[in-house]
Amino acid sequence: MKITELSVFRPIAMGMVILFMLIIGAVSVRNTPVDLFPDLTFPVAAVTVTYEGASPEEVEKLLSQPIENIMGTIPNVESVSSVSRTGGALIIVSYDWGTDMDFAALKMREQLDAVREQLPNDVPQPRVLRFNPNDLPIVRLGIQAPEGDLVAAKKLVENEIKPVLDSIDGVASVTIEGGSEKVVNVSVDPAALNDFGITIDQLRQILAGENVTLPSGEISDKGLKYPLRVVGEFDSITSLKQLPIPTKSGVVALEQLVEIEETTVNADQISYLNGEPSIGISILKQSGENTVTVANSVEKKLNELSLTEDVKVKMIFNQAKFIKQSIKAVLINMIIGSLLAAGILYLFLRNIRSTLIVGFSIPISVMTAFIFMYFSGQTLNLLTLGGLALGVGMIVDNSIVILESIYRLREKGVPLKEAAITGTKEVGGAVIASTLTTVVVFLPIIFVDGLAAQLFKPLALSVTYALAASLITALIIVPLLSSNLMTRKHKTVTQKGKFLNLRYVYFLRKALRYPKRVILGTLVLLLISLSAIPFIGTEFLPAQDQSYVNIEVELPPGSATDTTYRTTEIINERLDDIEEIDLYYVTIGGSNDFSIQAGSNSNTAMYSILLKPISDREQSDVQVAEAIRTKVGKIEDAEISVQASDSGFSESPVSLEVSGPDLGTLETISENIKEEISKVDGIREIDSNYEIGNPQLEIQVDRTKASSFGLTSVQVSQAVENATNGRVATVFNRSGDQVEVRVQVDPAKLENVEDLENLQIESPTGELVTLKSIAEIKQGTGPSQINRTDRLREIRVTASILDRDLGNVIDDVKKQLKENVSLPSGYEISFGGQNQQMKDAFFKLTGALALAIVLIYMVMAGQFESYFYPFIIMFSIPLTAIGILLGLLVTRQPFGVGSLVGILILTGIIVNNAIVLVDYINQLKQRGLSTPRAIVKAGEARLRPIMMTALTTILGLIPLIIGIGEGTEIQQPMAIVIVFGLLFGTVISLIFIPVIYNQFDRIKEKRRLKKAESEDMPKI
């Protein structure tokens, strides 16, 4: 290997190469974006379309169905679902993973243009929306009002805080939630106003016409031009009250005609922080920006603001905090793992210089990996750094094998430089092959799509980069440092080392003597381990403790904001008893951003609960959520859902879709399902997407009577709306603030249905008509929404789980439904959610694993130039199942996507030891040794490097198994699989592979002799 000779004979030049790699690596780390997870592109887009006044049935027929049909013709569409509600529809289009969503959105707009003629003429142009996880807030703030004054607080946020946050680099938008604004209410008694011969509309026109400042031309005087302005704006409430109004009784001040009151009006949402009135702020980052950098800038700007002491700014949610804690935990685990690996090296080598040589390869390999990550556009996140943490033990494997080879030659008295070059050449081919087998297992992931692939491809890349860097380090830096730092005199092998070798050689010789016992014993162990499968559950992805809990509160439809607020007060009292809660922020009302319904949902409340750090509490977020669920679960008329460990990209653990033609039948079936699955152990938070309609008053206009007064249904509707909600007549400025002047019927005149019936409506002729004389008012229930998936009506029932694995819960749910729920003809139940995601990921990753095994065999066949020896080495792969199943059983870890990725990595690692062993057996056989003698001698020589590489990998992953710090949950299953699989696989394969090699070699030799005898026999 010329590059090895170059590194040994040109140490200064190679030293500069090492320094260059460290510098560029440090610059790459500094400039690589930091995020919680890799950039995710969800193949989902939606169409929103409104149709004012239309019922769900009409919306379904006129909007949803035509759009669904045309969307289904677009290439790569996986499914089309819709939600039809009063006044509009939401059509969600799901594509195959890997679809170019920019092109897909463009194609959707083209198809909408084609279907436009089929939609009603008065329907606005449908809009196409993209779902992007980056559109979720990275920071949420709660601003507590000084002395509870929400008007002053909102003014402070709008004038002082929001402009500062908007100016921060990387901030996309700043949204204000809640708060109050000043408004002037002009309350009118239509009958009293009629006595003065003036109508409400005329009053609005007068207010709008008087509150103006208009340019009125210009005039010249004494050679100068003066622009003219008529100034008539209101400057105070007093000037408004004293506004002269012409009536049939003469000019009268406005305050004599109406009641004028300056008051406050709440926004669509009202918010409370720890029970005190507050205003919320949500901050979104620009696409591609560094989450941590943007969030840190926000925090810095907030600290620089000169706010009074009575204004309290609380951080409700800061994604950067969890990112920094998680990445810090992963880095600490890497450092601890590196130190443990270095300790193992010293334990075997008993030489501090040799230990430092290999130990130095860790930071160089990691820094080189960072260079690859930067130029390939990766981010520093939980999975890429987790990949490096997984690989920290593997990074030193190549260096250990080469160093041990050099070390062994030095013990024999070979000169330093010659030992460095010869030792590297002796094992260089095996090292390259073992690295390729580990790297090649990740190649099939390229062909895998879905959420699991998007998450784990960056992890695979980071491990690949680390291993590629470790190969470069092993072939260049280890010979370089060995030839300059390794002592010329070496200690002999320690007594412990001799004892280990002697015991291994003893067992190996015995195994070669009794091969059937070894093979049979190994098979028995494998069968025993396979019997543990029913006791190991399954999951999609492990839950992550982000110190954050959400509560959703829903009261009966139509509940007023005050009623919802009183319910939150009860919840607040119960939350105060839970010590793990740091703060809680509740929002009452508001509308969903992804909803086609406008207005405020006054019957709902959303809690964002920030828990104390993990180190300051004994319970996990899931346990805290269960404690909250127990305390707030039984509140009258309130449906309360508590969620923790929400990663934001996985669906509900349990999700059942009931589909069929009739909505009433679907509702009955879904209620039966909810009742039955509630009996399954571990099921929590059962809910469905079926919504009961809101109570409402229907005003049925008698067109004949209305037309006799010159009124249309639209005019009646506008008159009722103006009376109940009021209408802004004008706005006046006061001290830089804009205050609306809202004219409405006196609320005291509209307290009940009877008052509404007696509401007077002005006809085009100026005549006042009571509402009941032209319309009939009926009380009823508004229609519910209609959900459809792939052109079939459906209701989705969802639930979360507690203290049980997903697979067993789903099995119990299926059994319960099969025994107790019967379906009419034309109706069916299908399972989705995390169960569907899990099955999809298992199927695709299992295929990737099978392909990886084939690729490993191909790499080894090319290395050995043989079909025979790679086949023997492949026997080491199934042996890992013994350790894998035992590890999952002992740690009570369900088998999930992380475990499957761990098996993929382990498959590439476990064959490395067998490669090193078989390669040396072949070398010894070429030197004339018999097969049994070559096996024993190779086993004795390769035991130390095999044990060292296995133990460094195992100990390097111990911190991840323990789960030290935040954010390690997603790497923990991978670490468990690799550690237990490698531990048992290495111990067993050290005996089993030599036995298999010897047996197959005997068979091969017998066939060769038989063939030779047949050739030597005389022909008749």
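- With contacts defined as side-chain heavy-atom distances shorter than 4.5 Å, the pair R130/D102 qualifies.
- With hydrogens and angles left out, the side-chain atoms of E539 and Q893 include a donor and acceptor closer than 3.5 Å.
- Put simply, the side chain of R574 never gets that close to the backbone of V632: no donor and acceptor are under 3.5 Å apart.
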Original post:
After noting the C-alpha distance and the side-chain angles of E685 and S641, does the key distance pass the side chain to side chain donor-acceptor pair (under 3.5 Å) rule?
Top reply: CA-CA 6 Å; E685 308 295 346; S641 172; 3.3 Å; yes

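- Residue L666 comes nearest to S659 through the heavy atom pair CD2-C, 3.6 Å, listed as atom of the first residue, atom of the second, then distance.
- The main-chain N or O of V83 is never found under 3.5 Å from a side-chain atom of N787 such that the two would form a donor-acceptor pair.
- At a threshold of 4.5 Å between non-hydrogen side-chain atoms, the residues L823 and I669 count as touching.
- Within the 4.5 Å cutoff, no side-chain heavy atoms of Q623 are placed close to those of E626.
- Other residues, nucleotides and ligands contribute at most 12 non-hydrogen atoms within 6.0 Å of the CD atom of E636.
- L62 and L119 get closest at one heavy-atom pair: O-CD2, 3.5 Å.
- I801 approaches P653 most closely through the heavy-atom pair CG1-CB, 4.1 Å.
- Using the six-membered ring where Trp is involved, F842 and F895 have ring planes that are perpendicular, over 60° apart on the 30 and 60° scheme.
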**OP:** For side chain to side chain contact (heavy atoms under 4.5 Å, CB included), just list the numbers for L900 and V897, CA-CA rounded to whole Å, side-chain angles, deciding distance to a tenth of an Å, and then say yes or no.
**Re:** CA-CA 5 Å; L900 202 49; V897 173; 5.6 Å; no

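- For CD of E117, the number of neighbouring non-hydrogen atoms (other residues, nucleotides, ligands) closer than 6.0 Å is 12 at most.
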Subject >> side chain to side chain contact (heavy atoms under 4.5 Å, CB included) evaluation trace for V77 with V93 >> reply: CA-CA 7 Å; V77 169; V93 185; 3.9 Å; yes

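- Side-chain contact check for P120 versus Y51: some heavy-atom pair is nearer than 4.5 Å.
- Sorted by first and then second residue, the ring-ring contact (aromatic ring centres under 6.0 Å, His included) pairs involving residues 57-98 (not counting sequence neighbours) are F42-W97.
- Side-chain atoms of Q118 do not come within 3.5 Å of backbone N or O of V115 as any donor-acceptor pair.
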Subject >> Audit row: K679, N820, side chain to side chain contact (heavy atoms under 4.5 Å, CB included) steps and yes/no >> reply: CA-CA 11 Å; K679 300 173 185 176; N820 301 289; 5.7 Å; no

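- Under a 3.5 Å cut-off, the side chain of N603 and the backbone N or O of E554 do not form any donor-acceptor pair.
- Atom CD1 of residue I777 and atom CD of residue E757 lie 4.5 Å apart, to the nearest 0.5 angstrom.
- Of all non-hydrogen atoms in V49 and P124, the two that sit nearest each other are CG2-O, 4.2 Å.
- Put simply, the side chain of D681 does not reach to within 4.5 Å of the side chain of D812, judged on heavy atoms.
- Note that OG1 of T665 and OH of Y827 are 3.5 Å apart. Values are rounded to the nearest 0.5 Å.
- Here CZ of R566 is found 13.5 Å from CD1 of I635. Values are rounded to the nearest 0.5 Å.
- By the neighbour-count criterion of 12 heavy atoms within 6.0 Å, atom NZ of K815 is sparsely surrounded, having that number or fewer from other residues, nucleotides or ligands.
- The closest side-chain heavy-atom distance from E819 to E676 is not below 4.5 Å.
- Among residue pairs with one or both ends in residues 793-802, those qualifying as side chain to side chain donor-acceptor pair (under 3.5 Å) are E60-R793, E657-R796, T789-E794, E794-R796; sequence neighbours excluded.
- With a 4.5 Å cut-off on side-chain heavy atoms, R791 and N69 count as touching.
- Taking CG of L663 as the reference point, atom CD1 of I795 lies at 5.5 Å (rounded to 0.5 Å).
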**OP:** Step by step, work out the side chain to side chain contact (heavy atoms under 4.5 Å, CB included) result for I774 and D702.
**Re:** CA-CA 6 Å; I774 58 171; D702 187 324; 5.6 Å; no

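- For the pair Y607 and I628, the minimum side-chain heavy-atom distance is 4.5 Å or more.
- Across all non-hydrogen atoms, the minimal contact from A605 to V586 is CB-CG2, 4.1 Å.
- Summarising the geometry, atom CG belonging to L129 is positioned 10.0 Å from atom CD1 belonging to I92; distances are rounded to the nearest 0.5 Å.
- Note that the CD atom of E671 and the CD atom of E667 stand 6.0 Å from one another [nearest 0.5 Å].
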**OP:** Test S84 against S64 for side chain to side chain donor-acceptor pair (under 3.5 Å), laying out the working first.
**Re:** CA-CA 7 Å; S84 303; S64 298; 2.7 Å; yes

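- Closest non-hydrogen pair, D805 versus T538, comes out as OD2-N, 3.0 Å.
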